[in-house]
Protein chains: 2
Amino acid sequence: MSKCEQCIVREFSSLKSLSKEELLNISGCKTSKTIKKGEVIFEEGESLNGVYCVKDGICKLTKLSANGKDQIVKLVVKGDLLGQRSLIVNEAVNLSAVALNNMEVCFIPKDEIFSNLKNNSDFSMDMLKQMAHDLKESDNVIVNMAQKSVKQRLAEALIYIHTSFGVDKEGFLNVILSREDYASVVGTATESAIRVLSQFKKEGLIATSGKRIKVNDVEGLKRIE
Amino acid sequence: MSKCEQCIVREFSSLKSLSKEELLNISGCKTSKTIKKGEVIFEEGESLNGVYCVKDGICKLTKLSANGKDQIVKLVVKGDLLGQRSLIVNEAVNLSAVALNNMEVCFIPKDEIFSNLKNNSDFSMDMLKQMAHDLKESDNVIVNMAQKSVKQRLAEALIYIHTSFGVDKEGFLNVILSREDYASVVGTATESAIRVLSQFKKEGLIATSGKRIKVNDVEGLKRIE
DNA sequence: ATTTAGATATGATATTTGTCATGTTTTGAT
DNA sequence: ATCAAAACATGACAAATATCATATCTAAAT
C-alpha cells in the first residue's frame with residue numbers, strides 16, 4: 001500500500017499540515033479505491049464514516065432539487081477532500097458525488113480525521129481555511145445564479161472549467177461534460193444550454209467535436225451579456 | 001463594561017466552548033457598539049481586524065453583482081458572528097453587512113480569536129461546525145436559485161423569515177424588509193417581487209400593512225409552484 | 001458493419017420574468 | 001398638518017427561458 005507521506009496530492013490538500021507520524025497513521029488505516037467514470041462515490045442522504053481524498057480524476061457534486069432535476073454544485077479535483085462537511089457536523093451528506101472520469105481516491109476513516117483535528121491546530125486551521133474558501137465561492141455562485149443570464153453563466157462556466165481544469169494536447173477542455181451536465185451547472189433546461197452553446201459556436205467563441213469543447217476566445221466569453 | 005461571560009448571546013454562538021478565562025480575556029479587549037437601522041457595519045472589500053458578535057438586532061449580508069444590483073446572501077441574527085470567514089483566510093470581506101434594525105454588536109480583535117483557535121480545539125471545532133452548517137445552507141440556496149421560480153423562492157423566503165425570526169404580537173414578521181430587499185433576497189426585479197407579493201396577498205396567503213407582512217398560510221406558501 | 005439507445009440539435013410556441021412608464025400610497029422631515 | 005421623497009403598485013410590452021415536438025447525430029454493444 002502506498003504511503004500518504006509520498007502522495008503528491010498531499011501538498012495541495014488540507015492534509016498538508018500533518019506530521020510524518022500523523023500521515024503514517026492515516027496510511028495505515030486508509031483504503032485506496034478506483035472509481036470508474038460515471039460511478040457514484042456517495043449519494044445524498046448517505047452517512048459517511050470518513051472522508052475521501054481525491055488522488056486523481058474529477059467528480060461532480062450534485063444535489064437533487066424538489067422538481068427532480070440534479071443541480072451540479074461543485075466540481076472536485078485532485079487534492080480536494082470529499083465529505084468533510086458532513087463529517088464535521090455529523091450529518092448525512094447533502095450532496096452526491098459522481099465520477100466524471102476514472103478516479104483514484106483514498107478513504108480516510110472518521111476517527112483519524114477527528115483525532116488530528118483535536119491534536120493538530122494547524123490541521124484544523126487548514127480545514128477551516130478550506131471551508132472559508134468554499135463558502136466564499138458559494139457566495140459568488142449564489143450571486144451569479146440570482147443576477148446573471150443563462151448565457152453569462154454558461155460563458156463563465158466554460159471559462160472556469162478552461163482555467164481551472166485545463167485543456168488536452170488538442171486544446172479541448174479536460175473536463176468533459178454532457179450538455180445536460182452543463183445545463184445542470186448553470187441551472188437551466190438542457191435545450192437552453194444546447195442552444196447557447198450552439199450560439200457560442202456560431203460566434204466562434206468555442207469549437208466542438210462531439211461532446212468535447214474547445215474554448216477559443218476567453219475574452220469574448222467574458223464580454224457576453 | 002459588560003462581561004462576555006454573562007452575555008446571553010454566548011450560548012448560541014461559536015463562543016460557547018470558551019473557558020471562563022478565555023471569555024474574560026475577550027471581555028477585556030472587546031468593544032461594544034450600537035448600530036442604527038440602515039447603518040453599514042462593514043463593506044465588501046474592507047479589511048477587518050476582528051469579528052463582530054451580534055448581541056441584538058438583525059442585519060443583512062449583501063454582495064454587489066456585476067450588473068450593479070445588490071444580492072442579499074444571508075440574514076444574520078443574535079448570536080451569529082460576522083467576519084469570521086474573511087478573518088480565517090486573511091482576506092478582505094466579500095460581503096457587506098447592513099443593519100435592518102437597531103443593533104448591539106461587540107467587536108472582538110483578530111488576535112484574540114486566533115489565539116483561541118490555536119489553543120482551544122473545542123472552539124475550533126465549533127467554528128468548523130458553524131462554517132459547515134453555513135456551507136450546507138449555501139448549497140441549498142444555490143439549488144433553489146438555479147431550479148425554482150421567483151414565486152417559489154419568494155414563498156420560501158417568507159416561510160424562512162417567518163419560522164427563523166418569528167412574529168410580533170400582531171403577527172407581523174419581526175424582520176421588516178422593503179420590497180427591494182425581498183427582490184434582492186430571491187434575485188429578481190423589484191417590480192416582480194411586488195407583483196408576486198400582491199398575488200400572495202390576493203390569494204390570502206399573506207396580509208400586509210405598509211411594509212409589514214403577516215404570513216397567514218405557511219402550508220399554502222409551500223404549495224406554490 | 002449494423003443496430004440502437006442516448007445525446008445533440010433546432011423549430012414552434014407558451015410561460016416567466018424584466019423593463020419602462022405612470023400613478024398611488026406611505027413615510028419622515030419640517 | 002403639510003409636503004416632498006421614497007416606496008409601492010400596476011399596466012403594457014419586450015426579452016429571456018422553458019416546454020414540447022421532432023429530426024439528426026454519436027457512440028457503444030452486438
Side-chain angles (χ1 to χ4, degrees), chain A residues 36-39 65-71 98 100-102 144-155 157-158 172-173 176-203 206-214 224-225, chain B residues 36-39 65-71 98 100-102 144-155 157-158 172-173 176-203 206-214 224-225:
Chain A
K36 292 208 191 93
K37 179 180 172 175
E39 274 182 12
S65 122
N67 65 19
K69 278 192 201 164
D70 265 327
Q71 172 71 28
V98 180
L100 290 174
N101 47 31
N102 293 332
N144 285 342
M145 286 291 178
Q147 308 272 359
K148 296 189 176 170
S149 69
V150 169
K151 239 181 275 184
Q152 284 177 306
R153 280 180 271 152
L154 198 37
L158 288 168
F172 289 101
L173 297 177
I176 296 183
L177 296 178
S178 66
R179 301 296 193 260
E180 193 181 1
D181 279 337
Y182 276 105
S184 173
V185 168
V186 303
T188 191
T190 305
E191 295 96 323
S192 297
I194 290 173
R195 262 181 250 274
V196 173
L197 287 174
S198 297
Q199 192 197 328
F200 287 172
K201 193 176 169 182
K202 265 184 207 143
E203 293 170 355
I206 64 172
T208 66
S209 163
K211 53 192 340 175
R212 295 185 308 158
I213 293 179
K214 192 188 297 194
I224 290 291
E225 302 228 319
Chain B
K36 292 206 191 95
K37 179 179 172 176
E39 275 183 10
S65 123
N67 65 20
K69 278 192 204 166
D70 265 326
Q71 172 72 27
V98 180
L100 289 174
N101 48 31
N102 294 332
N144 285 341
M145 286 290 178
Q147 307 272 359
K148 296 191 177 170
S149 69
V150 169
K151 238 181 278 183
Q152 282 177 308
R153 279 180 271 153
L154 198 37
L158 288 168
F172 289 102
L173 297 177
I176 295 183
L177 296 178
S178 67
R179 302 295 193 260
E180 191 182 2
D181 280 336
Y182 275 106
S184 173
V185 168
V186 303
T188 191
T190 305
E191 296 95 323
S192 296
I194 290 173
R195 262 182 251 274
V196 173
L197 287 174
S198 297
Q199 192 197 329
F200 287 172
K201 193 176 168 182
K202 264 185 207 142
E203 292 170 355
I206 64 172
T208 66
S209 162
K211 53 193 337 175
R212 296 185 306 158
I213 294 179
K214 194 187 295 193
I224 290 291
E225 303 227 318

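Convention: sequence-line order gives letters A, B, ...; per-chain numbering from 1. No hydrogens, no waters, no symmetry mates; every other heavy atom, side chains included, goes into these values.
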Fill in: Nearest-Å distance for atom pair NZ/C1', residues Lys37(A) and dA27(D)
10 Å

Worksheet item: Taking CD from Gln152(B) and P from dT15(C), how many angstroms apart are they, rounded to a whole number?
Response: 16 Å

Worksheet entry | Length of the CD-P vector between Glu191(B) and dA16(D), whole Å | 16 Å

Practice prompt. Mind calculating the distance between NZ (Lys69(B)) and P (dT17(C)) to the nearest angstrom?
Written response: 13 Å

Worksheet entry | Distance, rounded to the nearest Å, where Gln199(B) contributes CD and dC8(D) contributes C1' | 17 Å

Item to complete: Kindly indicate whether the side chain of Asn144(A), heavy atoms from C-beta on, has any atom under 4.5 Å from the side chain of Val186(A).
Response: no

Practice prompt. Ignoring the backbone of Lys211(A), work out which of dT17(D), dT8(C), dC20(C) is nearest its side chain.
Written response: dT8(C)

Worksheet item: Side-chain contact, heavy-atom cut-off 4.5 Å: Ile206(B) with Lys214(B)?
Response: no

Practice prompt. Evaluate side chain to side chain contact (heavy atoms under 4.5 Å, CB included) for Arg212(A) paired with Ile176(A), printing each intermediate quantity in order.
Written response: CA-CA 6 Å; Arg212(A) 295 185 308 158; Ile176(A) 296 183; 3.8 Å; yes

Worksheet item: Could you walk me through whether Leu158(B) and Phe200(B) pass the side chain to side chain contact (heavy atoms under 4.5 Å, CB included) check?
Response: CA-CA 11 Å; Leu158(B) 288 168; Phe200(B) 287 172; 3.8 Å; yes

Worksheet item: Side chain of Ser198(A), backbone of Ile194(A): donor and acceptor closer than 3.5 Å?
Response: yes

Response to the item:
To the nearest 10 degrees, the angle between the two end axes of the helix from dA1(C)-dT30(D) to dT30(C)-dA1(D) (five pairs per end) comes to 50°

Practice prompt. Please report, rounded to the nearest Å, how far the C1' atom of dT26(D) is from the CD1 atom of Ile176(A).
Written response: 14 Å

Worksheet item: Of the nucleotides dT10(D), dT19(D), dT19(C), which has the atom closest to the Ala189(A) side chain?
Response: dT19(D)

Worksheet item: Quick one: is dA18(D) close enough that its OP1 or OP2 comes under 4.0 Å of any side-chain N or O from Thr188(A)?
Response: yes

Worksheet item: Does the side chain of Arg179(B) get closer than 4.0 angstrom to OP1 or OP2 of dA9(D) through an N or O atom?
Response: yes

Item to complete: Report yes if a side-chain nitrogen or oxygen of Ser198(A) is closer than 4.0 Å to either non-bridging phosphate oxygen (OP1 or OP2) of dT8(C); otherwise report no.
Response: no

Fill in: Atom-pair distance (CD1 on Ile194(A); C1' on dT24(D)), nearest Å
12 Å

Item to complete: Tell me which of Ser178(B) and Gly187(A) sits closer to the 5' end of DNA chain D, going by the nucleotide each one is nearest to.
Response: Ser178(B)

Worksheet entry | Nearest-angstrom distance from the residue atom CG of Asn67(B) to P of dA16(D) | 14 Å

Worksheet, complete the sentence: Heavy-atom closest pair (Ala157(B) atom, Val185(B) atom, distance to 0.1 Å) is CB-CG1, 4.1 Å

Discussion item. By nearest atom, which of the nucleotides dT10(D), dA21(D), dT17(D) is closest to the Val150(A) side chain?
Written reply: dT17(D)

Worksheet entry | Side chain proximity check, Ile213(A) to Leu177(A), heavy atoms < 4.5 angstrom | no

Discussion item. Among dT17(C), dC20(D), dT10(D), which nucleotide has an atom closest to any side-chain atom of Ser192(B)?
Written reply: dT17(C)

Item to complete: Look at the side chain of Arg195(B) against the base of dT19(C) and say whether a donor-acceptor pair falls under 3.5 Å; ignore hydrogens and angles.
Response: yes

